[in-house]
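This report concerns only the one structure given below.
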2 protein chains.
Amino acid sequence: MPPPRDLSPEKAEQILAGAMREFLENGFAGARIDKIVAAAKVSKATVYRHFPDKVALFNVLIQRMAAKKELFELQNMQSFDEEPAIVLRRHAEKMLDNVATDPQILTFLRIIIGESGRFPLLAQAFIRDVEKPALDGLTRYLTLHPKLKIADPEVTARAFIGTLIHFVLFTYVLHGKDIMPIERDRLLDELLALVIKPK
Amino acid sequence: MPPPRDLSPEKAEQILAGAMREFLENGFAGARIDKIVAAAKVSKATVYRHFPDKVALFNVLIQRMAAKKELFELQNMQSFDEEPAIVLRRHAEKMLDNVATDPQILTFLRIIIGESGRFPLLAQAFIRDVEKPALDGLTRYLTLHPKLKIADPEVTARAFIGTLIHFVLFTYVLHGKDIMPIERDRLLDELLALVIKPK
DNA sequence: GTCTATATCAGGATAGAC
DNA sequence: GTCTATCCTGATATAGAC
């Protein structure tokens with residue numbers, strides 16, 4: 001549902017921009033409207049003229065972030081010319097680079113998972129807009145590439161992406177880097193061997 | 001070193017029991033001391049006599065929950081008599097059963113991940129007490145079992161457990177069941193084939 | 001040592017001026 | 001339509017009785 005028409009969309013954007021950092025850093029319950037107001041350089045009344053309440057603001061913001069599909073960047077695997085090992089590794093590396101260099105993605109993952117109990121629809125928006133496209137794209141690639149004979153491409157895609165996401169959660173989100181570090185290249189080498197190598 | 005205050009450990013347990021549900025359901029910022037007090041059937045002053053503040057109470061509770069290592073139950077893989085495929089499948093099934101039947105584990109995962117930005121030490125306690133033992137146990141099993149010749153057991157363990165945890169997060173925590181369902185048996189079949197890979 | 005009662009203050013949300 | 005100023009609920013934390 002788009003914001004009401006008789007209000008300036010410019011201010012709405014301003015509010016959403018200010019709300020982003022606050023919600024990402026502090027979660028829903030921890031976010032303070034005052035901070036959002038200060039960051040957006042708008043008065044509190046203006047916020048409540050554009051959004052009925054805190055919940056609605058949160059919903060709009062998170063759904064919009066989930067709709068930015070560049071998060072995992074694992075689609076667009078159209079070309080079948082190159083070796084699958086090369087293509088898969090490049091995509092995995094790009095995804096990990098994205099995440100490792102942009103702390104906002106980490107906090108976004110924290111929010112989506114942390115609030116998935118109270119905001120199930122937001123969690124499902126994330127599944128629909130981020131995870132599903134990545135899984136579908138990879139499944140399609142594994143199915144169609146002439147050099148590959150994967151028994152169950154859908155499950156293989158889940159294993160591939162699941163291992164990567166778990167690596168991200170473990171290493172960066174949960175700060176496992178200091179406790180059980182692992183070389184990224186080593187993980188990718190063996191993961192590719194598991195997925196691609198025919199039995 | 002502060003002198004030990006007089007307080008009954010019995011009341012402390014009572015408070016922690018009451019705090020569990022509230023913190024799990026609402027996260028740190030969303031949890032209300034009043035609710036904890038009501039659930040524990042204790043007065044508010046008693047809570048503050050046993051714990052300096054809300055943060056300390058949260059820390060004790062979550063660290064204690066993480067120390068319950070039965071969460072993932074993937075260690076104790078000592079016997080090398082049976083077929084690896086049988087053993088691995090049984091352990092994976094038990095882990096998934098645990099999680100699927102106990103909603104508290106799902107909310108615990110939400111909390112640990114959701115609060116990992118503000119409470120990094122709790123996240124690391126989870127890594128140390130839950131994830132690491134499971135990974136180490138599986139790595140050891142994959143390394144020592146005479147019938148297996150795994151190139152990189154450590155990464156293979158990460159792929160196995162990572163795929164399972166991602167499945168749990170995707171399906172149950174993020175409510176992906178309704179959007180992209182997948183048969184548990186099918187996932188396990190192919191995952192085992194990928195990991196064990198008979199030649 | 002635990003309770004009742006309360007201090008203190010911040011939060012979300014609104015009324016009214018312009 | 002936006003701002004200033006304010007309401008009021010409800011939160012954490014404490015003081016003082018027993």
Side-chain angles (χ1 to χ4, degrees), chain A residues 1-63 111 114-115 117-119 121-122, chain B residues 2-63 111 114-115 117-119 122:
Chain A
M1 194 149 66
R5 288 170 299 273
D6 54 339
L7 302 175
S8 81
E10 187 178 292
K11 290 274 179 191
E13 291 308 316
Q14 221 172 310
I15 294 165
L16 285 169
M20 172 140 48
R21 214 178 49 117
E22 179 66 8
F23 275 129
L24 283 182
E25 272 181 11
N26 303 104
F28 174 75
R32 300 300 161 209
I33 297 279
D34 283 348
K35 297 278 186 65
I36 294 176
V37 161
K41 281 167 189 146
V42 182
S43 83
K44 209 183 286 192
T46 301
V47 169
Y48 282 96
R49 189 163 293 280
H50 286 256
F51 301 93
D53 57 11
K54 195 182 172 185
V55 171
L57 179 55
F58 184 67
N59 270 287
V60 170
L61 182 73
I62 299 296
Q63 267 183 5
I111 290 271
E115 306 288 351
R118 269 146 296 164
F119 296 90
L121 294 183
L122 293 184
Chain B
R5 287 175 298 177
D6 280 344
L7 29 77
S8 75
E10 185 178 292
K11 289 276 178 189
E13 291 309 315
Q14 220 172 312
I15 293 166
L16 286 169
M20 173 141 47
R21 215 177 48 121
E22 179 66 9
F23 275 128
L24 284 181
E25 270 180 14
N26 302 104
F28 174 75
R32 301 301 159 204
I33 297 280
D34 282 349
K35 298 278 186 66
I36 294 176
V37 161
K41 281 166 191 149
V42 181
S43 84
K44 210 180 290 191
T46 301
V47 169
Y48 282 97
R49 183 165 294 279
H50 286 254
F51 301 92
D53 56 11
K54 194 183 172 185
V55 171
L57 179 54
F58 184 66
N59 270 288
V60 170
L61 181 71
I62 300 297
Q63 266 184 6
I111 291 270
E115 307 287 353
R118 269 147 294 160
F119 296 90
L122 292 185

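Treat the numbers as computed from the prediction; the structure is a model and nothing was measured. A, B, ... follow the sequence lines: proteins, then strands. Residue 1 opens every chain.
Residue Tyr48(A) places at least one side-chain N or O closer than 4.0 Å to OP1 or OP2 of dA13(C). Between Arg32(A) and dG11(C) there is a side-chain N or O to OP1 or OP2 distance below 4.0 Å. Close to dG1(D), at under 4.0 Å from its OP1 or OP2, lies no side-chain N or O of Thr46(A). The side chain of His50(A) places an N or O atom within less than 4.0 Å of a non-bridging phosphate oxygen (OP1 or OP2) of dT2(D).
Summarising the geometry, the separation between NZ on Lys35(B) and C1' on dT12(D) is reported as 15 Å, rounded to the nearest angstrom. Protein atom CZ of Phe51(A) is 16 Å distant from nucleotide atom P of dG1(D), rounded to whole Å. Taking atom CG on Leu57(B) and atom P on dA13(D), their separation rounds to 10 Å, with Å as the unit. Atoms CD (Glu10(A)) and P (dG1(D)) sit 13 Å apart, rounded to a whole Å. Rounded to a whole Å, the CD atom of Gln14(A) is 16 Å from the P atom of dG1(D). If you measure from atom CZ of Phe28(B) to atom C1' of dA11(D), you get 12 Å, rounded to the nearest angstrom. We find that NZ of Lys54(B) is positioned 12 Å from C1' of dG10(D), with the value rounded to whole Å.
Using a 4.0 Å heavy-atom cutoff across all strands shown, Lys11(A) reaches sugar-phosphate atoms only and no base atom. Across all strands shown, Lys44(A) has heavy atoms under 4.0 Å from base atoms, whether or not it also approaches the sugar-phosphate. Contacts of Ala29(A) with the nucleic acid, taken as non-hydrogen atoms under 4.0 Å apart, are absent.
Other residues, nucleotides and ligands contribute at most 12 non-hydrogen atoms within 6.0 Å of the CZ atom of Arg21(B).
Here the shortest heavy-atom pairing between Met20(B) and Leu61(B) reads CA-CD2, 3.5 Å.
A donor-acceptor pair is defined here as one N or O able to donate and one able to accept, closer than 3.5 Å; such a pair exists between the side chain of Gln14(A) and the backbone of Ala40(A). Between the side chain of Lys54(A) and the backbone N or O of Phe28(A), at least one donor-acceptor pair lies under 3.5 Å.
Side-chain proximity of Arg49(A) to dG12(C), dT2(D), dA13(D): nearest is dT2(D).
Of the residues near DNA chain C, Ala45(A) and Asp34(A), the one whose nearest nucleotide (by heavy atom distance) lies more toward the 5' end is Asp34(A). Heavy-atom distances to DNA chain C give each of Lys41(B) and Ile33(A) a nearest nucleotide, and the one nearer the 5′ end belongs to Lys41(B).
Counting only heavy atoms from C-beta outward, the side chains of Leu122(A) and Phe58(A) approach each other to under 4.5 Å.
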